[in-house]
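Okay, so here's the structure we're looking at.
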Amino acid sequence: MSLNPQVEALLAMFASMPPVDYATITPDGLRALNDNPMQMGPPPAVASARDVEIALPGRTLAGRLYIPEDAGENPPLVVFYHGGGWVIGTIETHDGTCRALARSSGAAVLSVGYRLAPEAPFPAPLDDCVEALGWAHANAASLGVDGSRLAVAGDSAGGNLAAAVAIRARDAGGPALRHQLLIYPVTDADFSSPSYVENGSGAVFLSTDMMQWFWRQYVGELPQGHIDGVTVLTHGDLAGLPPATVITAEYDPLRDEGMAYAKRLAEAGVAVEAEIAPGMIHGFFSMFEAVPDAMPYIDRAGARLKAAFA
């Protein structure tokens, strides 16, 4: 399928902006460009959105708890990890995404402001995400949610973190998870895949240069083999993980690794629903204000979470 017309219009706007040189850009420079989201109208309405402090050993993380309308008492909870290559992105950049996901799922959503690389490289962001899940489970009563009905979710690098958290929770006897929602997740560092070859130039937003830069910030160099907790696609044992929804985009360098992870989960006996969004690009899930055609994918993701919590 050709590019979605709404996506084409958005890419034309992106093309009018100065290009980023990933040979010279600094993390703070990229954050200055990316971490001030454009407000395109009122955000999706929820019953409440309140900031919380996630108190972990030796540190406190920012969090934001969203409760949708008609959630009832003690709704289930989705712990959400934002994307941004482990380097950029904030609770604010994904505020609309979390609101939309809360509305579509009927569940509370806790957005986690984990530490970012390169100041806090791997495994610090993953440790934060794992411990934030444990904190949410332990503090379910004060949060007003049902700690027995938990899921994790994330987009891009946040999808990588959600997948790695699910593995850690399984292996460490962590809180039981009902579902994992992985939105165009990073699962490997194979820059020779067909989707990288087809879509990595930067013409459709995410580029190979950008992803390689992100990888270097997170793990110090480009991975040459499996890194436990990072390259989840090559993890040796995926059996016993929670059911998964995997959403990828046709014009995304990460398309193939996301679908390959869904295939490996299914081969390990995990219930998986996976789809490639035709005509869409990396990031489309959070671009729903400019790309209304993204909304059916948000609605389906919410429906799958709702079914998992039933």
Side-chain angles (χ1 to χ4, degrees), residues 52-61 63 65 74-82 86 105 107-115 120-154 157-183 185-188 218-219 226-246 261-262 264-273 304-310:
V52 298
E53 291 187 345
I54 301 173
L56 304 179
R59 64 203 187 280
T60 300
L61 307 180
L65 180 68
N74 297 317
L77 179 68
V78 179
V79 181
F80 184 88
Y81 310 116
H82 67 77
W86 310 284
S105 67
V109 174
L110 176 65
S111 184
V112 176
Y114 57 88
R115 290 174 291 172
F122 175 78
L126 176 56
D127 290 343
D128 285 355
C129 292
V130 170
E131 292 178 35
L133 172 64
W135 178 89
H137 179 256
N139 291 275
S142 62
L143 293 172
V145 301
D146 182 354
S148 70
R149 292 188 292 162
L150 298 171
V152 291
N160 172 268
L161 290 166
V165 166
I167 293 170
R168 279 258 197 111
R170 177 201 65 182
D171 294 346
L177 295 172
R178 297 283 188 96
H179 204 75
Q180 50 180 325
L181 170 61
L182 311 178
I183 306 158
V186 181
T187 70
D188 199 11
Y218 190 43
V219 298
H226 177 68
I227 302 176
D228 197 41
V230 185
T231 53
V232 294
L233 179 59
T234 53
H235 193 280
D237 179 16
L238 300 180
L241 290 173
T245 295
V246 181
Y261 191 62
R264 280 217 58 214
L265 287 171
E267 290 171 347
V270 177
V272 181
E273 291 192 64
R304 290 166 188 166
L305 286 165
K306 187 177 292 186
F309 290 136

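Computed from a prediction, not measured in an experiment: that's the story for all the values here.
Of all non-hydrogen atoms in Leu305 and Ala151, the two that sit nearest each other are CD2-CB, 3.8 Å. Pro175 and Ala169 get closest at one heavy-atom pair: O-CB, 4.0 Å. Residue Leu65 comes nearest to Leu143 through the heavy atom pair CD2-O, 3.6 Å, listed as atom of the first residue, atom of the second, then distance. When all heavy atoms of Val232 and Tyr261 are compared, the closest pair comes out as O-CE1, 3.4 Å. In terms of heavy-atom proximity, Pro242 sits nearest to Val270 at O-CG1, 3.3 Å. Of all heavy-atom pairs spanning Phe122 and Gly229, the tightest one is CE1-O, 3.9 Å.
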task: Quick one: do Leu110 and Trp135 satisfy side-chain contact (heavy atoms from CB on, under 4.5 Å)? Show the steps, please.
output: CA-CA 11 Å; Leu110 176 65; Trp135 178 89; 4.1 Å; yes

Criterion side-chain contact (heavy atoms from CB on, under 4.5 Å) on Val186 and Trp86, from CA distance to verdict: CA-CA 10 Å; Val186 181; Trp86 310 284; 3.8 Å; yes

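Annotation: the span from Leu133 atom CG to Leu161 atom CG amounts to 12.5 Å, rounded to 0.5 Å. Note that CG of Leu61 and CD1 of Ile54 are 5.5 Å apart. Values are rounded to the nearest 0.5 Å. Remark: Leu233 CG to Arg264 CZ distance equals 6.5 Å, nearest 0.5 Å. With rounding to the nearest 0.5 Å, the separation of CG in Leu56 from CZ in Arg115 is 8.5 Å. Residue Leu126 holds its CG atom at 9.5 Å from CD1 of Ile167, rounded to the nearest 0.5 Å. One distance of note links OG1 of Thr245 with CG of Leu182; it measures 8.0 Å at 0.5 Å rounding.
Aromatic pair His82/Tyr114: ring centres closer than 6.0 Å.
Residues satisfying the side-chain contact (heavy atoms from CB on, under 4.5 Å) criterion with Ala307, sequence neighbours excluded, are absent altogether. Considering only residues two or more places apart in sequence or on other chains, Arg59 meets the salt bridge (charged side-chain N to carboxylate O under 4.0 Å, His left out) condition with Asp128, Glu131. Listed by chain and number, the residues in a side chain to side chain donor-acceptor pair (under 3.5 Å) with Asp146 are Ser148, Arg149 (sequence neighbours excluded).
A salt bridge links Arg168 with Asp127: the distance from a Lys NZ or Arg NE/NH1/NH2 to an Asp or Glu carboxylate oxygen falls below 4.0 Å.
Judged purely by atom type and a 3.5 angstrom limit, Arg170 has no side-chain atom pairing as donor or acceptor with the backbone of Leu241. Asp188 contributes no side-chain N or O that, together with a main-chain N or O of Thr234, makes up a donor-acceptor pair within less than 3.5 Å. Not a single donor-acceptor pair under 3.5 Å links the side chain of Gln180 to the backbone N or O of Ala244. Side-chain atoms of His226 come within 3.5 Å of backbone N or O of Thr231 as a donor-acceptor pair.
With a 4.5 Å cut-off on side-chain heavy atoms, Pro75 and Phe309 do not count as touching.
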